[in-house]
Amino acid sequence: MLQQTRVDTVMPYFERFLARFPTPLALAEAPEDQVLAAWSGLGYYRRARMLHAGARVVADRAEMPRDREGLLELPGVGRYTAGAIASIAFEEPVGLVDGNVARVFARIFALEDDMRRAGMKRAEALAEELVPAKKPGDWNQALMELGATICTPRAPACERCPVASSCRARAEGRVDELPVMGEKAKPKPQRVQALVARTKDGRVLLARRQSSGLFAGLWEPPSIDGDESAGDELFGRFALASRALAGRVTHVLSHRRLTVDVHAAVLSKRPAGSALPAAYEALDLFDEAALDGLGISKLARKILAAAREAAASPGPLFDPKMPRARETGRRARARQS
DNA sequence: AACTCGGGGCT
DNA sequence: AGCCCAGAGTT
């Protein structure tokens with residue numbers, strides 16, 4: 001859970017997850033839907049699938065690997081995670097480098113290399129060299145904690161730093177220049193058309209995404225990439241009694257900036273199996289109360305909320321027979337007030 | 001070596 | 001509006 005995610009964000013998920021899946025065996029025996037439901041909202045859902053697969057490996061062998069080499073063989077366990085478990089749980093004297101340690105080393109030793117690329121190798125070699133034989137887990141956690149609380153990316157608290165006198169960047173007045181972080185690609189804009197279709201008795205149509213790619217294995221209102229014309233291809237798969245543009249949702253990922261047109265519709269017939277859109281592997285109808293038990297992305301929740309909001313407060317110009325555009329979000333509310 | 005994969009909190 | 005987070009797997 002801590003891969004690329006802050007401790008404070010993880011904490012409540014961690015508590016719930018361990019209450020629900022207390023042991024590797026309990027996790028291994030759980031259906032994937034329940035694992036993704038417990039992960040719902042945390043992001044990088046491949047981590048959940050990998051952890052699930054890893055639990056199954058451990059359950060099959062009836063044994064947890066107890067050193068770095070064995071841990072590295074588990075799916076989802078890379079160099080950082082293997083080092084963290086080996087040193088903290090099993091007191092193996094191995095180093096580790098996460099974003100915090102990379103920054104701390106870059107400053108203490110004035111490392112010039114790009115820490116997004118080749119610089120990580122230097123940092124890992126240093127970590128391996130410096131880790132003490134006794135309490136290696138405490139050492140590693142102290143390095144990470146120093147980076148998270150004192151040696152922060154911006155405005156580090158050098159006056160409170162216990163190793164400021166050993167810091168080369170500090171001595172050379174280059175704290176703000178280190179670490180060197182190479183350019184990162186900007187998210188690419190992408191348009192999406194989403195369909196929130198309900199039966200007359202209020203159940204909502206969701207589709208489960210295929211097992212690889214974006215939001216793999218999660219349920220969501222079916223959608224298609226592209227502009228309005230792409231939407232027609234999606235809408236045509238279903239028997240719709242009515243349809244209207246309910247709002248627009250934006251969602252930013254590391255590599256994409258999604259703008260989603262949300263279309264609300266009423267189903268006149270139950271969807272046939274042949275209606276399954278590309279990128280999905282299943283289709284089903286759900287009561288509102290059942291959504292909590294599903295793996296659903298934050299984006300999908302935004303889309304559902306936009307459709308609900310449009311239905312609840314149609315606005316002065318609403319005509320149920322006419323398609324309409326409606327803005328949601330801070331800017332629209334500011335304009336209305 | 002570059003790209004894919006979420007979401008959030010802080011500046 | 002950026003930046004980056006207790007990264008791993010795939011191409």
Side-chain angles (χ1 to χ4, degrees), chain A residues 1-14 36 39-54 71-89 95-106 113-121 123-124 127 137-157 176 179-190 209-218 220 249-258 260 295-302 330-331:
Chain A
M1 285 183 171
L2 289 167
Q3 292 166 3
Q4 288 289 282
T5 308
R6 292 172 206 281
V7 175
D8 290 343
T9 301
V10 162
M11 209 75 83
Y13 284 90
F14 177 77
L36 287 173
W39 208 275
S40 183
L42 190 55
Y44 281 147
Y45 298 93
R46 180 166 55 187
R47 295 178 299 175
R49 303 158 65 82
M50 291 283 178
L51 183 61
H52 194 206
L71 289 161
L72 271 172
E73 294 174 6
L74 296 177
V77 177
R79 297 139 77 94
Y80 161 75
T81 304
I85 298 172
S87 66
I88 297 170
L96 61 77
V97 178
D98 71 335
N100 292 306
V101 177
R103 184 169 56 253
V104 168
F105 282 177
D113 309 295
D114 180 353
M115 293 309 289
R116 267 194 225 289
R117 303 175 49 188
M120 286 298 282
K121 292 285 185 189
E124 284 177 357
D138 285 0
W139 169 269
N140 284 330
Q141 290 188 77
L143 281 176
M144 292 188 282
E145 191 71 4
L146 184 63
T149 61
I150 305 284
C151 194
T152 49
R154 281 174 293 189
D176 292 332
V180 177
M181 299 291 270
E183 295 294 311
K184 202 175 152 191
K186 288 180 184 173
K188 293 176 186 172
Q190 180 179 330
R209 298 189 67 118
Q210 292 176 350
S211 59
S212 67
L214 193 63
F215 301 126
L218 301 188
E220 66 182 22
V249 165
T250 62
H251 195 69
V252 181
L253 311 178
S254 307
H255 59 308
R256 290 182 212 184
R257 176 184 178 81
L258 305 178
V260 183
I296 300 182
S297 69
K298 219 70 169 182
L299 172 57
R301 292 189 192 282
K302 281 192 202 173
R330 187 166 47 84
R331 187 180 302 179

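Owing to the predicted nature of the structure, the values given are computational and were not obtained by experimental measurement.
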request  = For A:D113, enumerate each residue passing the side chain to side chain donor-acceptor pair (under 3.5 Å) test, keeping only those at least two apart in sequence or located in another chain.
outcome  = A:R122

ask   = What residues form a side chain to side chain donor-acceptor pair (under 3.5 Å) with A:R301, not counting sequence neighbours?
value = A:S40

Take atom [atom1] of [X] and atom [atom2] of [N], then tell me their distance rounded to the nearest Å.
X      : N     : atom1 : atom2 : answer
A:N100 : C:dA6 : CG    : P     : 5 Å
A:M115 : C:dC5 : CE    : C1'   : 15 Å
A:L96  : C:dA8 : CG    : C1'   : 15 Å
A:M181 : C:dC3 : CE    : C1'   : 9 Å
A:L2   : C:dA6 : CG    : C1'   : 5 Å
A:R103 : C:dG7 : CZ    : C1'   : 15 Å
A:R49  : B:dG6 : CZ    : C1'   : 15 Å
A:Y80  : C:dG7 : OH    : P     : 6 Å

inquiry  = Tell me which residues in residues 82-89 of chain A lie within less than 4.0 Å of DNA chain B, going by non-hydrogen atoms.
reply    = none

Output a table of nitrogen or oxygen pairs between the protein and nucleotides 7-11 of chain B separated by less than 3.5 Å.
unit_1: B:dG7; atom_1: OP1; unit_2: A:Y45; atom_2: OH; d: 2.7
unit_1: B:dG7; atom_1: OP1; unit_2: A:K298; atom_2: N; d: 2.7
unit_1: B:dG7; atom_1: OP2; unit_2: A:H251; atom_2: NE2; d: 2.6
unit_1: B:dG8; atom_1: OP1; unit_2: A:K298; atom_2: NZ; d: 3.0
unit_1: B:dG8; atom_1: N2; unit_2: A:R6; atom_2: NH2; d: 3.0

Check whether any side-chain heavy atom of [X] sits under 4.5 Å from a side-chain heavy atom of [Y], and report yes or no.
X      : Y      : result
A:T9   : A:L42  : yes
A:Y45  : A:F215 : yes
A:L218 : A:I296 : no
A:L258 : A:T250 : no

message = Taking side-chain contact (heavy atoms from CB on, under 4.5 Å) as the definition, give me every residue that meets it alongside A:L74, ordered by chain and number, with sequence neighbours left out.
response = A:V57, A:V58, A:P65, A:L71, A:V77

query = For A:R116, what residues pass the side-chain contact (heavy atoms from CB on, under 4.5 Å) criterion, not counting sequence neighbours?
reply = A:D114, A:M181, A:K184

message = Students often get this wrong, so: under 4.0 angstrom with heavy atoms, is A:R116 touching a base, only sugar-phosphate, or nothing?
response = sugar-phosphate

message = Any base atoms under 4.0 Å from A:R257, or only sugar-phosphate, or nothing? Heavy atoms, all strands.
response = nothing

message = In whole Å, measure the gap between the P atoms of C:dA6 and B:dT11 for me.
response = 14 Å

Rounded distance in Å between the C1' positions of B:dG6 and C:dC4 = 13 Å

request  = May I have all residue pairs that pass side-chain hydrogen bond (donor to acceptor under 3.5 Å, both in side chains) and include part of residues 77-88 of chain A, sequence neighbours excluded?
outcome  = A:Q3-A:T81, A:R79-A:E124, A:S87-A:N140

ask   = Looking only at atom types and distance, does a side-chain atom of A:R103 sit under 3.5 Å from a main-chain N or O of A:G147, one as donor and one as acceptor?
value = yes

inquiry  = Is it the case that the side chain of A:W139 and the backbone of A:L143 share a donor-acceptor pair, with hydrogens and angles ignored and the cut-off at 3.5 Å?
reply    = no

key: A:H255 side-chain proximity, nearest of B:dG6, B:dT4, C:dA6   = B:dT4

task = For the side chain of A:L214, starting at C-beta, report the closest nucleotide among B:dC5, C:dC4, C:dG7.
result = B:dC5

note = Sequence neighbours excluded, the answer for salt bridge (charged side-chain N to carboxylate O under 4.0 Å, His left out) partners of A:R209 is A:E220

task = Identify, with sequence neighbours excluded, every residue that meets salt bridge (charged side-chain N to carboxylate O under 4.0 Å, His left out) alongside A:E145.
result = none

ask   = Does a donor on one side chain and an acceptor on the other come within less than 3.5 Å for A:H251 and A:K302?
value = yes

message = Both A:K186 and A:T81 contact DNA chain C. Which one's nearest nucleotide lies toward the 5' end?
response = A:K186

query = Does a nitrogen or oxygen in the side chain of A:R256 sit under 4.0 Å from OP1 or OP2 of B:dC5?
reply = yes

request  = Could you list all the salt bridge (Lys or Arg N to Asp or Glu O under 4.0 Å) pairs where at least one residue sits in residues 41-50 of chain A, not counting sequence neighbours?
outcome  = A:E32-A:R49

Restricting to nitrogen or oxygen on both sides, can you table the protein-nucleotides 9-11 of chain C pairs closer than 3.5 Å?
unit_1: C:dG9; atom_1: OP1; unit_2: A:G76; atom_2: N; d: 2.5

Please write out each protein N/O paired with an N/O of nucleotides 1-3 of chain B under 3.5 Å, distance rounded to 0.1 Å.
unit_1: B:dA2; atom_1: OP2; unit_2: A:R117; atom_2: NE; d: 3.1

